[in-house]
Asker: 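What follows is a single structure, and I will ask about it in a moment.
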Amino acid sequence: MPNRARRRALTATGALLAAGLLVLPPAAAAAEYERVVNGDFAGGEVNPWWNGAGTTGSVVGGEFCSKVTGGTVNGYDALAGQNGVAYEAGQSYTLKFDARAVTEQPISAVAGEAVDPYRQIARTEVVVTPEPQSFTYTFESTLDFPAAGNGQLAFWFGGQSFDNTICVDNVSLIGGVLPPPGLEPAAPVRVNQVGYLPDLPKQASVANESTTPLPWTLKNAAGTAVASGQSTPKGLDAGSGENVHLVDFSAYETVGTGYTLTVGGDTSHPFDISPDVLTDLRYDSLAFFYHQRSGTPIEAEYVGAEYARPAGHLNVAPNKGDNDVPCLAGIGCDYTLDVPGGWYDAGDHGKYVVNGGISAWQVLNEYERALRVGDATALGDGKLSIPESGNGVPDILDEARWEVEFLLKMQVPAGQPLAGMAHHKIHDAQWTGLPLLPHEDPQVRRLSAPSTAATLNLAAVAAQASRLWKDIDPAFSAQALAAAEKAYLAAEANPAKIADPNDGTGGGAYGDSTVTDEFYWAAAELFVTTGKSDYRADVTGSSLYKGASINTRGFDWGSTGALGDITLALVPTTLPAGDIAAIRQAITTTADGHLAQMATQGHPAPYRTQDGSYEWGSNGLVANNGVVLALAYDFTKQEKYREGAFGVMNYLLGRNPVNYSYVSGWGDQPVRNVHHRHWANQLDPTLPIAPPGALSGGPNSALQDPIAAGLLKGCPAQRCFIDHIEAYSVNEVTVNWNSALAWLANWTAEKSTVEPAASCSVAYTANGWNSGLSASVVLKNTSAAAWNGWTLKFAFGGEQKLQHGWSANWSQSGRDVTATNLPWNGTVAPGASVTVGFNASSPGPATTPSTFSVNGSTCK
C-alpha cells in the first residue's frame, strides 16, 4: 500500500535482571558503527522503540517521552527500549543519551537480552531531573547478539511511588567491528532461484565491474559443466547502481534440478529447469488468504501445527472483538455493527474495505479469467487446503467468499444516515506491537467513517460476486447484487465522502481523494452483471472508458479503473466490439511499453515512476504489471508477452539486485522476516517465519520506517530493501500484493506448457430484429487430424436466450452457450467445415461473441 506511513510500538518481551556496569576507556579497534535506529526521533516516529507495561510513549517536540504509572516495585516494572541491537563479545561500546523528567527520579540504562533468560551486558543508574542532562558511558560486551537478534537497549523507569513523564533524546550506541545490516553487497550472480521453463528464455544478471565479456559455466547438480559461454556487458544499471552483465543460457533445455551458474569465481543459488517449477506456487500464494482469516481458528489440519492459531477478534477476552463494534468518536454514528470474518489486511489486524476490495476482486478475477480464456480446472473444488474443500464449490470461490461476506457487513444499515454506504475500515483504536497473535489483541476495535471509495469497492466486488455465484448459490448471488446496487446508489448520492487522510492511529489511513476510477470500476461490474442501460451509460460516459487508466505505473487499491477494463475485456457484453478491441489494445500497448523498458534493465521488472524511484509495495505493482503482460498474451497469443510475464516471476523469485526471492518459502534465499504480528520468529523464536507463498512489499526508495531509514540510506532504487520484521515500509505483506501474486502464479502455472496452435476457425453471421436474431456458425477444422466429435462453446454478449437450434445439440447456462455434434456431423476431416445455427431472443442489442472454442481450443 503506497505511502501508507504508520506508527507502530513494539512491546517489551520481558523484564531484565540487574547487573553491574563495566566502564572502560574506548577500545581503539572499535569502528564507528551506530547500533540504535531512530535515536534522534527527528521524524516524529517512535518505531522501533517500544514501551512496556505501565508506560505509554510518543514523540513530543523531538523527544521520546514516556508516561509512567507509579506504584511499581522494580526498575524493570516500567520500561521502554529497542530490540534487535547488535552486540559483539569483547568489543567496546559507547552509549550516549539526553534525558529529563517532570519529577526528579533515578532511571537505569541497560544493555542486554530481550528474551528469557534476560542476561545483561551492562547497566548504569542515573538521576534525571526537569533540566535536560547528557550522559555518556562506555562498556565492553560479554555477549554476542547479531543484528536483528535478541540484543536490547532499555531504559528502566519503574520502582517509584509516583506517576511521572520521562523523556530521552539523541540516543546513540556506537561500537563493534561488524558493519550493520542493510545496504551490503549481494551475491553477484542473480537467477530465478526456483527455476526456469525449458522452452522459455533463461537469463541471469551478474554484477561485475568488467567492461568486457566474462566466461560463464552452467553446471548440473553433480557439478558437471553442461553449457558455457560469454556474458553480454550491459553497463551501469540505474536500478541497482551496479555495472551489470547479462548471461543467456536459453539454448540449454534439459530438465533437471540443482543447476548452478558460475561467472568468474561467483556462483548462483541453485535452480531447476522444468515445466513444473512454478506449478505449486498458485496454491501457496492462495493459501496466504486462509492464514489471514479473521474470526475463525486457523487449524493444523490445513496449515500444520506450526501455523495453527486460535480465532481472533471474537469478543473473547482479551479481545474486545468484532461484534458490536462502535464508530470512531466524532464521526456522527450512534450504532454498532457486527463485522467478524474477512481477511486481516497485512501485518496488522486491521480490515480495510478499499484494500479488501481489490484483493477479493483479483482472486475472483483469477477464476473468472480462467473460465473465459484459460483453464479453470486447476482452481476447482479440492485444490486448496481449507475447511470448505469438498463442498462442491471451487475452493478459490470459497476463499474469496470469506472476504466478500465481510465487505457486505461493512454496509451502513437501512434507517441510518448514509444507509447503503460502506465504512472505510475497522481496526484497533491504538497501534499494537509485535509480536501479537490475533486472539491476544487487547485493543478496542472501532469503525471509521463511511467513504465513497469504500462504498464503490463494495459495489464492484459484490456485483462481480453476484454473477459468479448465480448458478452456485442463487440466494447469495441475489444478496450480493442487492447490496451492490444499493451501494452504487448511495455513492452517487454521496460522491465526495473522502476518507480522512489523518485517520491513521491504530491502522493505515488508506486515503484516496480521487474516486473517478472507483465509479468507473463499479459501473463496469454492475453493467457486466446486469446489462442495465444506466450502468452502461455510466461506463461509456466515463473519461476512463476504453482503457484510459491502463498505464505503465500499474493499478493498485488507489487506482482501480483498470479493473473495470479487465472485466470488460474478458466478459462478453453488448458494448460495441470496437470499444472492447480498444480496451484490449490499451492492454497490449501498455504491455509493449513494459517489454521495451525491461529490455533496457539489468534486472528486468515492469515498473517505473517519473523519477526512477521505487514506492511502497513496488512488488505488488510489478506483479500487477505482470498481469497486464499475461492478459496481452491471452488476447494476442504473441509469445513475447508470455516471455515477459515469466520474466516478472524471475525478478520476484531472485533475479533482482538484493538476490532475495521476495516470496517466502520459494527459492534458496527467500524472505523470512516479513513484517507481521504472528509470523514473528525474528522477535520470538517460539513463533514461525512467514509460510510459503507470501509476497514481500519490496524495494521502497522513500524508506518510510526507522529501520529502513537507518540502514539503507543512499540506496539505489531496486536495492532499498532489507529482510527485517520491523522494516515495514519494505518488508510488509498484504492481501492485495498477494492477490496479484496469486493471479500471476496461476497464469504462469497454466502457461507453463506451450499452447498448441489453434485447431479451428469460426465464421459467425447473424441477422437481427427488434426482439431476436438468427445466426449461422461455420466451424472449420484447421488441424492436421480429423475431429471425431466436437464441442463448440461461446458466450452471448447480452441477455440473449436460445429459442431453437439446428445441426447440433444446443444448451445455454447463463450467457454461456454449448453446441455438440449430432451423429451425422461429428466427423470433420482436416480442412473441412460444418455449419450449424440457432435462433435466439434478444431484448437488447446483440454483439458478436468475442471468443469461440472447439474441443477446448480457442479458434481463430
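Worth saying up front: this structure is predicted, and the values here are computed from it rather than measured. Values below: every heavy atom of this structure, side chains too, minus hydrogens, waters and symmetry copies.
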Asker: Checking side-chain contact (heavy atoms from CB on, under 4.5 Å) between His675 and each of Val733, Leu434, Thr734, which is the one that passes?
Answerer: Leu434
Asker: So which heavy atom on Phe135 is nearest to which on Val127, and how close?
Answerer: CZ-O, 3.9 Å
Asker: What residue pairs, at least two apart or across chains, pass side-chain hydrogen bond (donor to acceptor under 3.5 Å, both in side chains) with a residue in residues 291-300?
Answerer: Gln292-His676, Arg293-Glu388, Arg293-Glu399, Ser294-Tyr344
Asker: Can Val177 and Gln91 be said to form a side-chain contact (heavy atoms from CB on, under 4.5 Å), step by step?
Answerer: CA-CA 8 Å; Val177 296; Gln91 293 301 317; 3.3 Å; yes
Asker: Say whether, by atom type as modelled, one donor and one acceptor occur between the side chain of Tyr352 and the main chain of Gly508 under 3.5 angstrom.
Answerer: yes
Asker: Would you say the side-chain atoms of Glu125 pair up with the backbone N or O of Pro106, donor to acceptor, closer than 3.5 Å?
Answerer: no
Asker: Let's go through Asp348 and Trp431 carefully: what are the C-alpha distance in whole Å and the side-chain angles of both, what is the deciding distance for side-chain contact (heavy atoms from CB on, under 4.5 Å) to 0.1 Å, and is it a yes or a no?
Answerer: CA-CA 9 Å; Asp348 61 349; Trp431 281 113; 3.8 Å; yes
Asker: Quick one: does any side-chain atom of Gln682 pair with a main-chain N or O of Ile725 as donor and acceptor, under 3.5 Å?
Answerer: yes
Asker: Would you indicate whether the side-chain heavy atoms of Tyr728 and Asp705 approach each other to under 4.5 Å?
Answerer: yes
Asker: Do Ser664 and Val671 come close enough that some side-chain heavy atom pair is under 4.5 Å?
Answerer: yes
Asker: Do Leu153 and Tyr87 have side-chain heavy atoms sitting under 4.5 Å apart?
Answerer: yes
Asker: So, taking the atom named CG in Leu687 and the one named CG in Leu436, what distance separates them when rounded to the nearest 0.5 Å?
Answerer: 10.0 Å
Asker: Any salt bridge linking Arg677 with Asp441? Criterion: basic side-chain nitrogen under 4.0 Å from a carboxylate oxygen.
Answerer: no
Asker: Would you name the heavy atoms of His427 and Ser448 that are closest together and state the gap between them?
Answerer: NE2-OG, 4.5 Å
Asker: Does a side-chain heavy-atom distance below 4.5 Å link Asp723 with Val658?
Answerer: no
Asker: Does the ring centre of Tyr662 sit less than 6.0 Å away from the ring centre of Phe721?
Answerer: yes
Asker: Locate the shortest heavy-atom distance separating Ala109 from Leu95; write the atom from each residue and the value.
Answerer: CB-CD2, 3.9 Å
Asker: To the closest 0.5 Å, what do you measure between NE2 (His603) and CD (Gln718)?
Answerer: 7.0 Å
Asker: Any idea which heavy atoms bring Ala727 and Ile707 closest together, and the distance?
Answerer: CB-CG2, 3.8 Å
Asker: State, with a plain yes or no, whether a side-chain heavy atom of Tyr307 is found less than 4.5 Å away from one of Ile298.
Answerer: no
Asker: With a 3.5 Å cut-off and no angle check, do the side chains of His424 and Asp500 form a donor-acceptor pair?
Answerer: no
Asker: Do Gln193 and Leu653 come within less than 4.5 Å of each other through their side chains, counting heavy atoms only?
Answerer: no
Asker: Decide yes or no on side-chain contact (heavy atoms from CB on, under 4.5 Å) for Asp428 and His313, but give the supporting numbers first.
Answerer: CA-CA 10 Å; Asp428 292 335; His313 299 99; 4.3 Å; yes
Asker: Less than 4.5 Å apart, any side-chain heavy atom of Thr165 and any of Cys65?
Answerer: yes
Asker: Once ring-ring contact (aromatic ring centres under 6.0 Å, His included) is applied, do any residues pair with Phe157, and if so which ones, sequence neighbours excluded?
Answerer: none
Asker: Answer yes or no: is there a donor N or O on one side and an acceptor on the other, between the side chain of Ser108 and the main chain of Trp156, under 3.5 Å?
Answerer: no
Asker: Test your reading of the model: is there a side-chain donor-acceptor pair from Ser661 to the backbone of Gly654, 3.5 Å cut-off?
Answerer: no
Asker: I'd like to know if Glu88 pairs up with Arg35 as an ion pair, taking the criterion as any Lys NZ or Arg NE/NH1/NH2 lying under 4.0 Å from an Asp or Glu carboxylate oxygen.
Answerer: yes
Asker: Is the backbone of Pro188 close enough, under 3.5 Å, to the side chain of Asp266 for a donor and an acceptor to pair up by distance?
Answerer: no
Asker: Roughly how far apart are Asn323 CG and Arg445 CZ, rounded to 0.5 Å?
Answerer: 11.5 Å
Asker: At their closest point, which heavy atom of Gly44 faces which heavy atom of Val59, and how far apart are they?
Answerer: O-CB, 3.7 Å
Asker: Any Lys/Arg nitrogen of Asp322 or Lys351 sitting under 4.0 Å from an Asp/Glu carboxylate oxygen of the other?
Answerer: yes
Asker: With respect to Ser66, which candidate in Thr55, Asn164, Asn51 satisfies the side chain to side chain donor-acceptor pair (under 3.5 Å) definition?
Answerer: Asn51
Asker: For a 4.5 angstrom cut-off between non-hydrogen side-chain atoms, does His678 reach His349?
Answerer: yes
Asker: So how far is it from Ser161 OG to Gln105 CD, rounded to the nearest 0.5 Å?
Answerer: 9.5 Å
Asker: Do the ring planes of Phe155 and Phe97 sit parallel (below 30°), tilted (30 to 60°) or perpendicular (above 60°)?
Answerer: perpendicular
Asker: Can a side-chain donor-acceptor contact be found between Tyr660 and Asn731 if the only test is distance below 3.5 angstrom?
Answerer: no
Asker: So, the side chain of Asn738 versus the backbone of Leu695: is there a donor-acceptor pair under 3.5 Å, distance only?
Answerer: yes
Asker: Could you tell me the separation between the OG atom of Ser134 and the NZ atom of Lys96, rounded to the nearest 0.5 Å?
Answerer: 9.5 Å
Asker: Counting N and O atoms only, with roles assigned by atom type, does the side chain of Asp169 sit under 3.5 Å from a partner on the main chain of Asp98, one being a donor and the other an acceptor?
Answerer: no
Asker: Any chance you could lay out the side-chain contact (heavy atoms from CB on, under 4.5 Å) test for Asn83 and Asn150, step after step, and finish with the verdict?
Answerer: CA-CA 7 Å; Asn83 288 358; Asn150 290 323; over 6 Å; no
Asker: Identify the two heavy atoms, one from Val128 and one from Ala99, that lie closest to each other, and give their separation to 0.1 Å.
Answerer: CG1-CB, 3.6 Å
Asker: Examine distances only and state if a side-chain atom of Asn74 and a backbone atom of Asp77 form a donor-acceptor pair shorter than 3.5 Å.
Answerer: no
Asker: Counting only N and O atoms by type, is there a donor-acceptor contact under 3.5 Å from the side chain of Asp163 to the main-chain atoms of Gly70?
Answerer: yes
Asker: Rounded to the nearest 0.5 Å, what separation is found between the CD atom of Glu732 and the CH2 atom of Trp616?
Answerer: 6.5 Å
Asker: Indicate the ring-plane relationship of Trp49 and Phe41, choosing parallel, tilted or perpendicular according to the 30° and 60° boundaries.
Answerer: tilted
